[in-house]
Amino acid sequence: MNRYNPKSFESKWQDEWNKSGIYKAKDNTSKPKKYILEYFPYPSGAAMHVGHVRNYSIGDAIARFSRMQGFEVLHPMGWDAFGLPAENYAIKNKISPAQAISQNTTRFKSQLNQMGFSYDWSREINSTDPKYYRWTQWFFLLLYKKGLAYQQESLQWWCPVDKTVLANEQVEAGLCWRCGNKVEKKSLKQWFFKITDYADRLLEDLDDINWPEAIKSMQRNWIGKSKGALIDFKVDDSDKTIQVFTTRPDTIYGATFLVLAPEHELVSSITSKSQKNSVGKYIKDSQAKSDIERQETNREKTGVFSGSYAINPLTGEKIPIWLADYVLVGYGTGAIMAVPAHDERDFEFAKKFNLEIRQVISNNDEVDGVTLGEGSMISSGEFTGLNSADAREKIVEKISAMGIGSEKVNYKMRDWLISRQRYWGAPIPIIYCPKDGVVPVDEDQLPVLLPEIESIEPSGDGRSPLVNVPSFVKTTCPKCGGPAERETDTMDGFACSSWYFLRFADPDNQTVPFDKSKADYWLPVDEYIGGAEHAVMHLLYARFWTKVMYDDGLINFTEPFTTLRNQGMILAPDGSKMSKSKNNTIEPDSLIESGYGADSIRIMELFIGPWNQASNWSVDGLGGSYRFLQRVWKVVGQYIESSKGNLSQEINFNIKKIEHKTIKKVTKDLENLNFNTAVSALMEYVNELYKINQSTGIYKDTAWDQAIVSLLKLLCPIAPHITEELWHLMGQTESIHLTTWPTFNESIIIDEVFELVVQINGKVRAQLSVATSLGQEELVKLALKDEKIIKYTKDKTIVKTIVVPGKLINFVI
RNA sequence: GGGCGAGUGGCGGAAUUGGUAUACGCGAUGGACUUAAAAUCCAUUGGCCUUUAAAGCCUUGAGGGUUCGAGUCCCUCCUCGCCCACCA
């Protein structure tokens, strides 16, 4: 037999698997189904590195294991290919985005193929294919029909580098999520999806899905639900009122001033003549501050007096109205009633500007003059003496009765801005008619094709380059037939990825986005595997669309991903993140080329540490994985080439026992996704087999037949090529990946003897090999006869004896 | 500041959930093979411990507690990582 040389057979099997289509998922079978999905990749210019490969190695191990356990498995792959990176790559390389995507998907696909992942490529999808984005546009129309897509002119996040608007979620600490540059505000009319209508359901349904707590809490935090009240404060000597949002209406007797955000719409009308200059200056200053600066915490409070007063509706007192940038225009009403005695920020502000601090709740948690939390009411008129939680309800009741306020639930989450002023996206299927206004494109006119054009760079005036394509823009109104113009904005790429998991159930359908019965069979996704970077964008949007589809009767489930797994990142050997810009990426291609082969890489990806923990890549470690497979090759090879020997019954049984123990361990580990310990169990197994055949010189006998079969089957979800090759060298003709998972027999595993640990006062003093059948008393007798134990126990009284059956005895002296 | 997670050999990590701490792998050291190297194979490899063996003691970030027995449970503290962050 030749030496283990993965190059000599890995690509052969990859071709064979593709040709025979063994990974094709069958619709509507009677088998239980499992839908295993890794986030569909973005085929950017940078190729896949070993960090990405880990994601797919995990998914593929689960998929292969599940197939062998009798599940009908859907394990598809596709391309999330609209959006800026492809567009920028195209501009840089002077090719069209379509060409760029085609090049990059070819590269990615060959990378995935040479790793031997078991995808059903017959279901491959590409979000930039008109056959796909036709349905993304169809969903836009669905949302529009349901009143969930609307246009609004307002201040938007604008990235001056990417020259497009961004959704709230896509701005991280004042920086663009893609390019990392500072964003600005720009007033524009844009398309939004009304995700806020689903805020409560998006929040509540988190309780029913099996997701990492970290991701759930990020989504909860992002939705940011809080219960409180809206209260109107009349402006003194004016007909204006200022509405504030507060979560603590119970503290209203301690509200000693109001604060408006500098951008609040009433600022100019309530500023007094004498304060005009300083207010104007303050507004200018705060605009000049970047959003990063404004978001810095522990920044000293700044503010300015407006010159006007409001009336506290319950105390009747005149209280000053201030402006300060610690109040954010986008949250609540952009105005607050300040209660410095019970809010740290208001307290800081009041201290700095010498405003009144009035305590109205008392408890034992006072720190430096601020009392947080609940307590009993003081100095609060008729509410004095109540506890604050009760007072909160009563005060809201009273305010409602007075007609100046009401209970209100508030959310941090904003609607999803989906317009993009860029070329490379799905066109928004809307037509503007001078007569009929905004008119949706008829469904049967979809797709609205993205035209192929020369210059795809943004127009420069804040509009998409499509404005310069008359053949695209000029159209007729579907209603009146008169001349009209198309919307030139394209859709956020996250729209495409909000439903792709459904298209895999029915990728070629030309009449509907997917057939309901197929979706009902395959969905929801059972295992969704990807990085944590999608926590609040993709994963929130996809949940939102799913609920919209459910409401429309298109599907019968409300959550798209039953179980979510966040794999740990693979870092560069020095612990830094791998990135093209740092030039420290390690790509699988070169590792395969240098002779390690795909299987070694796959083993390494899983063996390196727990699947959900970050690990540093190690080339030396890869060598260890390779040596392991080499030993597998050797053990199985010797078996294949030998003729049947004649081992003792005892050794035969011993081999069988190790085999069954390993089946049990590896099965349990794969069920729990403990890939690293599954690999180590297989290593131990191979080492044991190797030792036995070294010591006996016999490589084949009754027990060996099964031992080798089990070894290959247990290993094949992780190392599909070497196992397939050896399987066929053994004379098998069917693929090993179509076989069933081995089972174990508990009665074979049971040991007849075990190592009894004998402790004195909890310290191990002796180990005895004893028969499993012995009773507790016999064990104690045996232990007390041991020389070492006699040494420790003579002249002492044993106070207590603890016997753990099958494990240990502890004598307390 | 808030939330989540994690601290175990030279390194990545394991430990049936309270029962032999350091499995498995890497690295290192010594040896075999070789003209030599690589590869492969064999042996050793937590510390006290500078020859080995036996015996002993110590050891899971630090300190305390519960328990016959703690890496695992409880309390206090330290360090690191990630996410969120003036949300009224």
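Letters go in sequence order (proteins before strands), and every chain restarts at 1.
Not one N or O on the side chain of A:Thr241 forms a donor-acceptor pair closer than 3.5 Å with the backbone of A:Asp232.
Side-chain contact annotation: A:Gln243 with A:Thr333, donor-acceptor N/O pair under 3.5 Å absent. Between the side chains of A:Asn312 and A:Tyr253, not a single donor N or O lies within less than 3.5 Å of an accepting N or O. Residues A:Asn745 and A:Ser747 bring a donor and an acceptor atom of their side chains to less than 3.5 Å of each other.
The pair A:Arg765-A:Asp786 does not meet the salt-bridge criterion, since no charged nitrogen lies less than 4.0 angstrom from a carboxylate oxygen. Ion pairing between A:Arg392 and A:Glu374 holds under the 4.0 Å rule for side-chain N and carboxylate O. A salt bridge links A:Arg220 to A:Glu213: one of the charged nitrogens lies within less than 4.0 Å of a carboxylate oxygen.
Between the CZ atom of A:Arg602 and the C1' atom of B:G25 there is a distance of 19 Å, given to the nearest Å. Computed from coordinates, the A:Asp574 CG to B:C11 C1' distance equals 15 Å when rounded to whole Å. Rounded to an integer number of Å, the gap from CE of A:Met604 to P of B:C26 is 10 Å. Atom CG in A:Asn674 sits roughly 19 Å away from atom P in B:G12 (whole-Å rounding). Rounded to whole Å, atom P of B:G25 lies 12 Å from atom CG of A:Leu682. In this entry the distance linking CZ of A:Arg220 with P of B:A85 reads 17 Å, nearest Å. Rounded to whole Å, the distance from NE2 on A:His534 to P on B:C83 is 14 Å. Atom CD1 of A:Ile570 is separated from atom P of B:G12 by 14 Å (rounded to the nearest Å).
Taking atom C1' on both B:U34 and B:A39, the two are 11 Å apart, rounded to the nearest angstrom. Taking the P atoms as reference points, B:G64 lies 14 Å from B:C58, given to the whole Å. For the C1' atom pair drawn from B:G46 and B:U59, the interatomic distance equals 8 Å after rounding to whole Å. Comparing B:U22 with B:C33, their C1' atoms sit 33 Å apart, to the nearest whole Å. If you take atom P in B:C80 and the same atom in B:C26, they sit 33 Å apart, rounded to whole Å. Nucleotides B:G71 and B:G7 are separated by 11 Å at their C1' atoms, to the nearest Å. B:G69 and B:G1 have their C1' atoms separated by 41 Å, given to the nearest Å. Comparing B:C24 with B:A15, their C1' atoms sit 12 Å apart, to the nearest whole Å.
Comparing A:Asp343 and A:Asn676 against RNA chain B, the residue whose closest nucleotide sits nearer the 5' end is A:Asn676. Each of A:Glu684 and A:Met337 was matched to the nucleotide of RNA chain B holding its nearest heavy atom; the match closer to the 5' end belongs to A:Glu684.
If you check B:C82 for Watson-Crick or wobble pairing at under 3.5 angstrom, you find it paired to B:G3. Base pairing of B:G63 is made with B:C75, judged by Watson-Crick or G-U wobble geometry with both donor-acceptor distances under 3.5 Å. With a cut-off of 3.5 Å on both pairing distances, B:A39 has no Watson-Crick or G-U wobble partner at all. Searching all strands for a Watson-Crick or G-U wobble partner of B:U34 with both distances below 3.5 Å returns nothing. Look at B:U44: its Watson-Crick or wobble partner, with both distances under 3.5 angstrom, is B:A28. Pairing for B:U22 is absent, with no Watson-Crick or G-U wobble pair whose two atom distances lie under 3.5 Å. Both distances falling under 3.5 Å, in either a Watson-Crick or a G-U wobble arrangement, occur for no nucleotide opposite B:G9. Of all nucleotides present, none satisfies the Watson-Crick or G-U wobble test against B:G69 with each distance under 3.5 Å.
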Carefully, step by step, assess A:Ser576 and A:Asn584 under the rule side chain to side chain donor-acceptor pair (under 3.5 Å). CA-CA 9 Å; A:Ser576 63; A:Asn584 63 351; 3.2 Å; yes
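Dashed line: the shortest gap from a side-chain N or O of A:Arg627 to OP1 or OP2 of B:C41 is not under 4.0 Å. At the phosphate of B:A6, neither OP1 nor OP2 sits under 4.0 Å from any side-chain N or O atom of A:Gln613. Dashed line: the shortest gap from a side-chain N or O of A:Asn221 to OP1 or OP2 of B:A85 is not under 4.0 Å. Under 4.0 angstrom from either OP1 or OP2 of B:C57 there lies at least one side-chain N or O belonging to A:Arg765. Applying the 4.0 Å criterion to OP1 and OP2 of B:C41, one finds that A:Arg631 has a side-chain N or O inside that range.
Among the protein residues, A:Lys301 comes within range of the nucleic acid bases, having at least one heavy atom under 4.0 Å from a base atom. At the heavy-atom level, A:Gln759 lies under 4.0 Å from base atoms of the strands shown. Backbone-only engagement by A:Gly624 is indicated by non-hydrogen atom pairs under 4.0 Å involving sugar-phosphate atoms exclusively. Residue contacts shown for A:Gln767 include a base, since a base heavy atom lies under 4.0 Å away. At the heavy-atom level, A:Val812 lies under 4.0 Å from the strands shown only through sugar-phosphate atoms. Using a 4.0 Å heavy-atom distance criterion, A:Ile608 is classed as a sugar-phosphate-only contact. Residue A:Ser618 is out of contact with every strand shown, counting any heavy-atom pair closer than 4.0 Å. A:Phe675 comes within contact range of no nucleotide atom at all, as no heavy-atom separation falls under 4.0 Å.
Counting distance only, with no hydrogens placed and no angle test, the side-chain atoms of A:Asp620 and the base atoms of B:C26 include no donor-acceptor pair under 3.5 Å.
In this structure, the separation between CD1 on A:Ile361 and NE2 on A:His342 is 5.0 Å, given to the nearest 0.5 Å. The structure places CD of A:Glu263 at 7.5 Å from NZ of A:Lys185, a figure rounded to the nearest 0.5 Å.
Of the candidates B:A88, B:A85, B:C68, the closest approach to any side-chain atom of A:Ile802 belongs to B:C68. Checked against B:A88, B:U20, B:C86, the side chain of A:Glu755 finds its nearest nucleotide in B:U20. Distance from the side chain of A:Asp325 is smallest for B:C86 among the nucleotides B:U20, B:C86, B:A15. For A:Ile336, whose side chain is taken as the heavy atoms from C-beta onward, the closest listed nucleotide among B:G12, B:A88, B:C86 is B:A88. Closest to the A:Val757 side chain, of the nucleotides B:U20, B:A88, B:A55, is B:U20. Set against B:U40, B:A23, B:C58, the side chain of A:Lys763 has B:C58 as its closest nucleotide. With B:A55, B:U20, B:G12 as the choices, the nucleotide that has an atom nearest any side-chain atom of A:Lys788 turns out to be B:A55. Minimum atom distance to the side chain of A:Pro610 is reached by B:G13, of the listed B:A55, B:G13, B:A39.
Checked against a 6.0 Å centroid threshold, the rings of A:Phe811 and A:Tyr792 do not count as neighbours.
A heavy-atom distance below 4.0 Å to RNA chain B is reached by these residues of residues 685-694 of chain A, ordered by number: A:Asn687, A:Tyr690.
A:Lys668 meets the salt bridge (charged side-chain N to carboxylate O under 4.0 Å, His left out) test with no other residue; sequence neighbours excluded.
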